[in-house]
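Working notes, structure below.
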Amino acid sequence: MPLRDTSAHQAATDRTFQVDLRGLVDLLSHHLYSSPRVYLRELLQNAVDALTARHAIEPQGAFGIRLYADGATVRVEDDGVGLTEADVHTFLATIGRSSKRAEKIAEQRGDFIGQFGIGLLSCFLVADEIHVLSRSARTPDAPAVEWRGRGDGSYTVRTLPASARPRPGTTVTLTPRADAGEWTRPAQVHALARHFGSLLRHPVTFDDGTGGPGAPVNPDPAPWARTHPTPGARSRALAAYGEEVFGFTPLDTIELDLPAVGLKGIACVLPEAVPAGRRHGHRVHVKGMLLSEQAEEILPEWAFFVRCVVDAESLRPTASRESLYEDDTLAAVRDALAERLRAWIARAAASDPDLLHRFLQAHHLAVKSLAVHDDEILRMLLPWLPFETTDGHCTLDEFARTHRTVLVTSSVEEFRQVAAIASAAGLGVVNGGYTYDRELVHRLPEIRPEASVADLDPATLTAHLDPVDRETELAAAAYLAQARDALAVFDCDVALRTFQPASAPALLVDSREARHERTRSQLAREQEGGLWGDILGALRQEAPRAQLILNQLNPLVRTAVAIDEPELARTSAEALYGQAAMLSRRPLRPAESSLINRSFLDLLAHALRKDS
């Protein structure tokens, strides 16, 4: 824009900014556009917008776009509205201005794909010179106009006889640079045209200069716009399109139709599970032109079990036209598409149990994440969701029929500690350590009022273990005292019980919360005195102890409790603790790892001395 010095003591002089076009193109290539290949999309986009403007003045006209690439040049011809000489001076000579603003067309900009007036500059990513030949359709007797723009920022404009371009429209010709061959070879130009323009509503053809007929770039309408003889045929056709686009056979396809924003498309349900939170990109077309293959923002985060391809009229692209502008329209579209996915899940639950089963097998985590926040999905699907339980992997509905009280652990570690013992004791325990599981299990009574859910704590489990008789406990008293003394360093009590399976010598009952509380208490003891000690002392409470429960039904335990040699008794207790800690599958503390190694070596040394 011009700057004017308005000082009263100096003569005013108009000056203009100097534009370093090379620097601007470098900026575009590194920070606005993802790849030089977008030059062809921009050329197609300008051609489509020109055709849209032509149809506004000649609604019944049959117009199209023709691409040529022979290795030496790339050319795009359209039958669009064209430009007059005044248009060329106004729009092609000014960076950032768009011809689509002319004559109040900006009021109708929703009809056009491009909105930022910098598309032609993208051609400098692959060429040093852009040649434009255009003739206006608005002025029948207008001459043809030629514009040549060069990479150094200079340009020339001249008028030519009408015969230079007999029909209205525009031809853009590029002479590629030697280093741009990757993007301007005939086969690549054709592939890029198919990639970006396969759903365009105007006919586009490609000619490689070999003399044959032009190959259609977009011979078929969008798959959801075609008619099919039966619903089954339509479903198969949409699935085939999804497989062609995404490379996998969809578990099912969900048709998407939002008339308010002119959006149509499909969501393809992935046939296999994906890691939690991984958001797949979706293919978004705007008025037929491919905008992005990685548009994550079109669906909510929980919908990572589908990939979508959609074509919309009213979504707003960003300046690079490679992603979507986050505005109220996009937010409303995201909510509406989420509702379509919920409706599909509801239909499957109501009318297609086989599809629902296959879907939940693959995507139960995605549904769990949705059910946590969506009461409708919770009511429909919670009984059918699989959980890890003491009866194996099964649905909550099956599990609640077998167990009047459903117990749930707070961690995977706790479940693994107690699963075998709880199952043998007839307790029904669900592993609540996975994401969402504990919260969802606790909501089961909302769906099944007859079900009772409670957290599993050590007291609940030990209450279901049978005590030994008085005589047996008295006989083992000396050993238990030695064991308690040996394990005091771990704040661990030792008890003798009988439980199944008999093959399990010991059970270590020790929750993560209990270990954290003991660690805090230990820190308080070490920080006696001073402000920090006063704070921790004020918070101190009786630290919960771990409990090593020895199984009197196990032959090894019966032999151990009869040991009358103090050192050997201590070593055997340490070995039983170490084995129970390893079976719990929780991370071992350094002191526990040291204890396991020491007890193993001591028992080995004792065995060798005995044999000798």
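- The shortest heavy-atom contact between Val453 and Leu444 is CG2-CB, 4.2 Å.
- Annotation: the span from Arg484 atom CZ to Leu548 atom CG amounts to 10.5 Å, rounded to 0.5 Å.
- Taking both residues in full, the closest heavy atoms of Cys308 and Ala267 are given as SG-CB, 3.5 Å, listed atom of the first, atom of the second, then distance.
- Considering CG of Leu256 and CG of Leu341, their distance stands at 7.0 Å, rounded to 0.5 Å.
- Leu251 and Arg358 get closest at one heavy-atom pair: CD1-NH1, 3.1 Å.
- Under a 4.0 Å N-O distance rule, the pair Glu388/Arg416 does not qualify as a salt bridge.
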- Query: Should Arg201 and Glu313 be marked as a salt bridge (Lys or Arg N to Asp or Glu O under 4.0 Å) after you check the CA-CA gap, both sets of side-chain angles, and the distance that decides it?
  - Reply: CA-CA 12 Å; Arg201 291 84 183 268; Glu313 294 286 336; 2.7 Å; yes
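- Screening Ile298, Leu291, Val261 against Leu315 for a side-chain contact (heavy atoms from CB on, under 4.5 Å) leaves a single residue, Ile298.
- Side-chain atoms of Asp252 and Trp344, non-hydrogen and from C-beta on, do get closer than 4.5 Å to each other.
- Ring geometry, Phe246 versus Phe248: the interplanar angle falls under 30°, so the pair is classed parallel (tilted spans 30 to 60°).
- For the residue pair Cys268 and Thr253, the shortest heavy atom distance occurs at SG-CG2, 4.2 Å.
- For Glu272, the CD atom counts as loosely surrounded, since its 6.0 Å shell holds 12 or fewer non-hydrogen atoms of other residues, nucleotides or ligands.
- Using cut-offs of 30° and 60° for the angle between ring planes, the Phe490 and Tyr577 rings count as parallel.
- Here the side chains of Asp352 and Arg347 are not in contact, with every heavy-atom distance at 4.5 Å or above.
- In terms of heavy-atom proximity, Leu44 sits nearest to Val204 at CD2-CG1, 4.3 Å.
- Atom CG of Asp493 sits about 9.5 Å away from atom CD1 of Ile549, to the nearest 0.5 Å.
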- Take Asp257 and Lys264 through the test salt bridge (Lys or Arg N to Asp or Glu O under 4.0 Å) and record every step on the way to the result. CA-CA 5 Å; Asp257 187 3; Lys264 290 181 178 292; 3.3 Å; yes
- His202 and Asn218: CA distance, side-chain angles, deciding distance, side-chain hydrogen bond (donor to acceptor under 3.5 Å, both in side chains) verdict: CA-CA 8 Å; His202 302 286; Asn218 52 342; over 6 Å; no
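- By the 30° and 60° cut-offs, the orientation of the rings of Trp224 relative to Tyr241 is perpendicular.
- Identified under the ring-ring contact (aromatic ring centres under 6.0 Å, His included) test for residues 391-421, with sequence neighbours left out: Phe399-His403.
- When every heavy atom of Ala239 is checked against every heavy atom of Pro250, the shortest pair comes out as O-CD, 3.7 Å.
- Taken to the nearest 0.5 Å, the CG atom of Leu330 stands 5.5 Å off from the CG atom of Leu324.
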- Item | salt bridge (Lys or Arg N to Asp or Glu O under 4.0 Å) between Lys287 and Asp49, intermediate numbers included | CA-CA 10 Å; Lys287 302 177 182 68; Asp49 286 342; over 6 Å; no
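- Atom CG of Asp335 sits in a crowded spot, with more than 12 heavy atoms from other residues, nucleotides or ligands closer than 6.0 Å.
- Atoms CD and NZ, on Glu439 and Lys368 in that order, are 12.5 Å from each other to the nearest 0.5 Å.
- For His195, the NE2 atom is densely surrounded, since the number of other residues' heavy atoms within 6.0 Å is greater than 12.
- Ion pairing between Arg401 and Glu398 fails under the 4.0 Å rule for side-chain N and carboxylate O.
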